[in-house]
A.B. asks: 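The structure's right below; bear with me while I get my questions together.
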Amino acid sequence: MRTNRSFLAALFAATLLAPAGSFADDTSGKAVGRAAILAQKGDYAAAQKELDAVKSGPERGPALVEKARLELLQGRYADAVKTAKSAAALGKDTKIQAAPIIAEALASQGKVNEAIDAVKDVADEDTAHRARLVLGELLIRSGKRGAASVPLRRLVEAYNDDTINDRDAEGLSLVGRAAHLLRSAHDANQAYGEAEKAGAKTRVETLLWRAELFLDKYNPGEAGESVKAAQKIAPKDPRVHVAMARVKLENAMDFEAAESEIKQALEVNPNLTSAYVIRAGLALRTMDIAAADAAVKRGLEVDATNLELLAMKAATRFLADDLAGYEATKKQVLSLNPEYSAFFQIVAEYAEWEHRYEDIVRMMDEATQVDAQDMKAFATLGLNKIRLGDDDGGLDALRKSWKKDRFNVRAYNTLNLFEKTIPGEYVATNGTRFRIRYHKEEKPVLERYVPRMLDEAWDSMVKRYGFTPKMPVSIELYADSEHFSIRTSGLPNVGIQGVCFGQSLAALSPGAGPFNWGNVLWHELGHVFAIQYSKSHVPRWFTEGLSEYETIIRRPEWQREEDPALFAALKGGRIPPLDGFNRAFTHVDSVEDVTMAYFAASQLVVFMADKYGFDKVAAMLPRWGKGERTPDVIKGALGVSHDEVDRQFREWLKKRLARYEKQYVPDLHAPPLDEARKALRTDPKNPKKLVELALALFSDGQKPEALAVLDEALALDPKQPDANFVRLRLAMGEKKLDDAARILDKMVANGHDGYVLRMKAADLAEMRKDKTRMKACFEAAFKFDPSQAEPLQGLYDLAKEQKDIAGQLDALRRLSLLDQHDRRVWVKLLELLVERGLWEEAVKVGESAIYVDVSNTKVHRLYAKALARSGRQVSAIFELNSAILTKPEPAEMTQIYEDLAKGYDKLGKADYAKQARDLAKLVAPKG
């Protein structure tokens, strides 16, 4: 690092320099030391009391500096300015320490020019490293990046000439921050590493700065570790809570946890503008425009020139289709900072959530004009051009980004995929409607089924929507989950099976794993219609619900079976009102909650289509495209208010799920730990809230405390079902079978029997090797809830073990309608049907099995046999040819050619039959 260097380009959204990470830095004296310890613990009132007690002497200056930092941390900006100015008047050293605090406090109120003057006053002093850093940051905020490089490079020079040495934890941290601002990610990370070796592992400031660097470079995992370390040091620090909120969102889109962090941050500092940025973003993710506006307004009351908040205001206006408001805010931002290309990145983040890919490309074009060195903007431009099918234009932008920013992993991964992997492993076919990309090894089989199914879906949707999307639509099928993830996000693990960008869609292919590829493609193609017909204005809940509806009406086995979770959410008040239904997708605790959100949305669309007719449901899309808000869309299309539709839906849902009213359905939803504690404080004798706290404690790894809280809940209400159920699970996990049996019997006696209890009883019977009891429990569980697959899987396993073919067949028939993705179910069912000569049923099952296991030779052969025996010789031959393309072993290949020859004989095609027999001899195993 101590050499001449080229500062690599990366996006930096200028924000205020945070106050020092440890209140004891650069201070001495017992009072200041005690105050530092109290401040880290979050006892800010006691810390200030210690500092106020220092009335005179050599500790007076440091005490005032620390008091000013404390006031700054709590958002008492005017007080911080006043206190720091008092410190500055006491001498040169305290003036150098106080000037950055004055500047930060002034800038936090939007007084940027005054802030610059405050640090310029001391910036030439040899020891004014922090003042130079603050000056550089403020100049960047003002759109003077060139001028900012002068004070920032002086920090780097101080490092290179050993003015800042390898024992100076604070100084090295400042160097790292300067390098980040100068767009040199490598040097920044190196400096932070050296700072930590020098002792900065206990500095909140350093840890948060490093976390910001990691987030900037798409490394939320490392960012999370840094923030967790900071949280251990200063658990109530509002900056830490804001950073944790960002990490929660980046790592897991955990909206509830992020909201909890922001609440805690604002309790300490109600004027923390970065907290209002995140609060506005949380609202925008659910398209709660009013809440987003309110958060932005509150933040701008503190700092009317805050660039991030103004960008959030623009994002809100953009998504509200207030283009005049958007343009006016954009003009305001660029007048404050003509180089602030981050404005477009911030707006684009929320535009992407609403499928506005064409708009994002336009925004990134503007961003690169505002700042031609913003390589993150070039990367975002490239990724979104590719999403719209412009691979060449996208790759050109990505190459520009990568040339100057060698730390953008999204650009690196995507370039590797398109320049190396795709040319070597994938091939595309072009048609009028679709451009389809296949893996080379999968193409021979998939091209026999995918275009045919897509054409069927297209014809159906064009007819029913009365709308034809722009053609061709790009369909990309990836045989490797990492290839798919990088194609969709630039990162290797997105954890989904398909995604639609409006004009293109990408999905896993059958080679990537066991799932129903037909279901996924049909679902994603539905998004093409919804996004384009609504001009990218369709709410997330509606487009997901509509695509789920499309698969439900296509094949009965293509629907989700999430009734218990839906019932629990309905009962627990977690299904949002219709106008805010997007919250069902954002405010979730687990993958299961996301699945439930999809299902809830599908049921809402099913209800509306059944009640009002699909034509009226489809007519909602162009209304959104005209900029109408959801209440107006519903009123205009359905003729009733959204509140009335919401009421009707809940009544319909309550009737449809009525079977659960008479049985116990666990509701183990746990709020964030801090929220659970607060909820209990308002009602400390509420057993349900105690259970929720226990669950939150279990999730946080605090098992002993969780068990104690659970005992407290049961002491208040020995029959509390969720508390008893958690105890049951614990007993079974610890193999305390007698305890588990007692809890189970007690719950049944208390009237809490149901599907879940019967399944637990089946598990208990299995542990005790009681097969008769197991079967009875599985049958009872299925009777309680016929929508669940697990008891049928158990009944099948028992029937197979007992060689009960009829029992196996019965279980598989029912199971196939519930488990659309399990290849084993479909193959075994098809096999049993063919063995028993149930040809017509086997044909129907064979058609479904193709969508689950299209590369399985056995599926094609069994399906072909059923087709042939039911008189469909041409289709049977088609399947046998597909079987050949799956590359079976020579012996099986020989049998397939012999079957083909028989099929051609029945069709009177002797020449083809002869060719098939000749090929059978040719591929037959030798010897």
Side-chain angles (χ1 to χ4, degrees), residues 9-16 107-108 110 112 137-146 148 180-181 183 212 215-216 246 249 273-285 289 292-293 295-297 299-300 302-354 356-385 397 400-401 405 408:
L11 171 69
F12 174 71
T15 57
L16 292 174
S108 295
V112 180
E137 196 150 9
L138 290 170
L139 288 170
I140 290 173
R141 172 173 170 168
S142 302
K144 300 171 183 175
R145 182 172 285 278
H180 188 180
L181 296 177
R183 293 172 162 170
E212 185 176 335
L215 287 173
D216 192 29
R246 290 184 63 193
L249 291 170
T273 52
S274 57
Y276 292 108
V277 169
I278 294 179
R279 177 167 278 180
L282 290 169
L284 268 191
R285 295 286 191 186
I289 300 296
D293 278 335
V296 169
K297 182 176 182 292
L300 290 176
V302 178
D303 178 0
T305 66
N306 185 283
L307 298 174
E308 278 191 284
L309 277 169
L310 288 169
M312 289 303 302
K313 179 180 179 180
T316 305
R317 295 299 87 217
F318 178 80
L319 292 182
D321 291 310
D322 175 12
L323 296 186
Y326 167 76
E327 290 294 339
T329 308
K330 179 175 75 173
K331 183 178 179 181
Q332 180 186 1
V333 168
L334 295 180
S335 70
L336 292 168
N337 181 349
E339 301 176 347
Y340 193 57
S341 56
F343 168 87
F344 300 98
Q345 292 275 2
I346 291 168
V347 178
E349 178 182 349
Y350 299 95
E352 180 179 355
W353 192 259
E354 296 299 317
R356 309 283 280 272
Y357 304 109
E358 291 183 0
D359 292 314
I360 294 170
V361 168
R362 286 192 288 271
M363 289 176 193
M364 291 306 104
D365 276 330
E366 285 190 78
T368 56
Q369 292 170 26
V370 166
D371 184 354
Q373 300 305 310
D374 185 348
M375 295 302 116
K376 198 169 187 179
F378 276 108
T380 305
L381 174 64
L383 291 170
N384 282 281
K385 281 192 170 185
K400 287 179 182 176
S401 173
D405 181 3
N408 190 320

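Sequence positions, counted from 1, serve as the residue numbers for this chain. Just so you know, these numbers use all the heavy atoms, side chains as well, and skip hydrogens, waters and symmetry mates. Given the structure is predicted, the values throughout are model-derived calculations rather than measurements.
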A.B. asks: Check whether any side-chain N or O of Q332 sits under 3.5 Å from a backbone N or O of L310 as a donor-acceptor pair, and report yes or no.
C.D. replies: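 A pair under 3.5 Å: no.
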
A.B. asks: In Å, rounded to the nearest 0.5 Å, how long is the span from CD of E339 to CG of D374?
C.D. replies: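 Between E339 CD and D374 CG, I get 11.0 Å after rounding to 0.5 Å.
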
A.B. asks: Passes side chain to side chain contact (heavy atoms under 4.5 Å, CB included), I289 versus L284? Steps please.
C.D. replies: CA-CA 6 Å; I289 300 296; L284 268 191; 3.9 Å; yes

A.B. asks: Between OG1 of T316 and NZ of K297, what distance do you get to the nearest 0.5 Å?
C.D. replies: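 Between atom OG1 of T316 and atom NZ of K297 there are 14.0 Å.
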
A.B. asks: Is there side-chain contact between T305 and R141, with at least one heavy-atom pair below 4.5 Å?
C.D. replies: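 Yes, side chains in contact.
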
A.B. asks: Excluding sequence neighbours, so at least two apart, what forms side chain to side chain donor-acceptor pair (under 3.5 Å) with T368?
C.D. replies: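 Listed in chain order: nothing, the list is empty.
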
A.B. asks: Begin with the C-alpha distance, continue with both residues' side-chain angles, and end with the deciding distance and a verdict on side chain to side chain contact (heavy atoms under 4.5 Å, CB included) for E137 and L181.
C.D. replies: CA-CA 7 Å; E137 196 150 9; L181 296 177; 4.1 Å; yes

A.B. asks: Kindly write out the residues that satisfy side-chain contact (heavy atoms from CB on, under 4.5 Å) with V370, not counting sequence neighbours, or none if the list is empty.
C.D. replies: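 Partners of V370 under the side-chain contact (heavy atoms from CB on, under 4.5 Å) test: L334, S341, F344.
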
A.B. asks: What is the distance from atom CZ of R145 to atom OH of Y340, rounded to the nearest 0.5 Å?
C.D. replies: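 Those atoms lie 11.0 Å apart.
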
A.B. asks: Taking the side chain from Q345 and the backbone from K376, do they hold a donor-acceptor pair closer than 3.5 Å?
C.D. replies: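 Side chain of Q345 to backbone of K376, a donor-acceptor pair under 3.5 Å: yes, one is there.
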
A.B. asks: Which pair of non-hydrogen atoms, one from D303 and one from S108, has the smallest distance, and what is that distance?
C.D. replies: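 For D303 versus S108, the nearest heavy atoms are CB-O, 3.3 Å.
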
A.B. asks: Taking only residues two or more places apart in sequence, or in another chain, which ones meet N384 in a side chain to side chain donor-acceptor pair (under 3.5 Å)?
C.D. replies: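 Side chain to side chain donor-acceptor pair (under 3.5 Å) list for N384, sorted by chain: R387.
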
A.B. asks: Test of understanding: with ring pair (Phe, Tyr, Trp, His ring centres under 6.0 Å), list the residues that count as partners of F318, not counting sequence neighbours.
C.D. replies: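 Scan of F318 (ring pair (Phe, Tyr, Trp, His ring centres under 6.0 Å), adjacent residues dropped) gives Y326.
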
A.B. asks: Going by salt bridge (charged side-chain N to carboxylate O under 4.0 Å, His left out), name the pairs with one or both residues in residues 340-351, residues two or more places apart or in two chains.
C.D. replies: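 For residues 340-351: R285-E349.
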
A.B. asks: Considering non-hydrogen atoms only, spot the tightest contact between A397 and F378 and give its length.
C.D. replies: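 Between these two residues, the closest heavy atoms are CB-O, 3.5 Å.
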
A.B. asks: Taking it one step at a time, do R362 and D365 satisfy salt bridge (Lys or Arg N to Asp or Glu O under 4.0 Å)?
C.D. replies: CA-CA 5 Å; R362 286 192 288 271; D365 276 330; over 6 Å; no

A.B. asks: Test of understanding: with side-chain contact (heavy atoms from CB on, under 4.5 Å), list the residues that count as partners of K144, not counting sequence neighbours.
C.D. replies: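 For K144, the residues satisfying side-chain contact (heavy atoms from CB on, under 4.5 Å) (neighbours in sequence not counted) are L139, S142, A147.
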
A.B. asks: Y357: which residues meet the ring pair (Phe, Tyr, Trp, His ring centres under 6.0 Å) condition with it, sequence neighbours left out?
C.D. replies: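 Scan of Y357 (ring pair (Phe, Tyr, Trp, His ring centres under 6.0 Å), adjacent residues dropped) gives F501.
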
A.B. asks: Among all residues two or more places apart in sequence or in another chain, which pass the side chain to side chain donor-acceptor pair (under 3.5 Å) test with Q369?
C.D. replies: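 Partners of Q369 by the side chain to side chain donor-acceptor pair (under 3.5 Å) criterion come out as none, since no residue qualifies.
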
A.B. asks: Could you check whether any side-chain N or O of N337 sits under 3.5 Å from a backbone N or O of I140, counting only pairs where one atom can act as donor and the other as acceptor?
C.D. replies: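 Here the side-chain-to-backbone pair exists.
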
A.B. asks: List in chain and number order the residues that pass side-chain contact (heavy atoms from CB on, under 4.5 Å) with I278, two or more places apart in sequence or in another chain; answer none if no residue qualifies.
C.D. replies: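 If we apply the side-chain contact (heavy atoms from CB on, under 4.5 Å) test to I278, skipping adjacent residues, the hits are V242, A245, R246, L249, I262, L282.
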
A.B. asks: When rounded to the nearest 0.5 angstrom, what distance separates CZ in R356 from CD1 in I360?
C.D. replies: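 R356 CZ to I360 CD1: 9.5 Å, rounded to 0.5 Å.
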
A.B. asks: Go through the steps to decide whether Y350 and M312 satisfy the test side chain to side chain contact (heavy atoms under 4.5 Å, CB included), and finish with yes or no.
C.D. replies: CA-CA 9 Å; Y350 299 95; M312 289 303 302; 3.6 Å; yes

A.B. asks: If you take all heavy atoms of V347 and A314, which pair is closest and at what distance?
C.D. replies: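 Closest approach of V347 to A314, heavy atoms only: CG2-CB, 4.1 Å.
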
A.B. asks: Only counting residues at least two apart or in another chain, list the ones meeting side-chain contact (heavy atoms from CB on, under 4.5 Å) with A295.
C.D. replies: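 In terms of side-chain contact (heavy atoms from CB on, under 4.5 Å), with neighbours along the sequence ignored, A295 is linked to R279, A280.
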
A.B. asks: State, to 0.1 Å, how close G299 and T273 come at their nearest heavy-atom pair, and which atoms those are.
C.D. replies: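 Looking at all heavy atoms of both residues, the shortest contact is O-CG2, 3.8 Å.
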
A.B. asks: Evaluate the side-chain proximity of T380 to M363: yes if any heavy-atom separation is below 4.5 Å, no if none is.
C.D. replies: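 When only atoms from C-beta onward are counted, T380 and M363 do not touch, as no gap falls below 4.5 Å.
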
A.B. asks: Can you list everything that forms a salt bridge (charged side-chain N to carboxylate O under 4.0 Å, His left out) with D293? Sequence neighbours excluded, please.
C.D. replies: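 Applying salt bridge (charged side-chain N to carboxylate O under 4.0 Å, His left out) to D293 gives R317.
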
A.B. asks: For K330, check side chain to side chain donor-acceptor pair (under 3.5 Å) against everything at least two apart and list the hits.
C.D. replies: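 K330: side chain to side chain donor-acceptor pair (under 3.5 Å) contacts with E327, E366.
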
A.B. asks: Search all heavy atoms of A311 against all heavy atoms of V333 and return the closest pair with its distance.
C.D. replies: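 A311 and V333 have their closest heavy atoms at N-CG2, 4.5 Å.
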
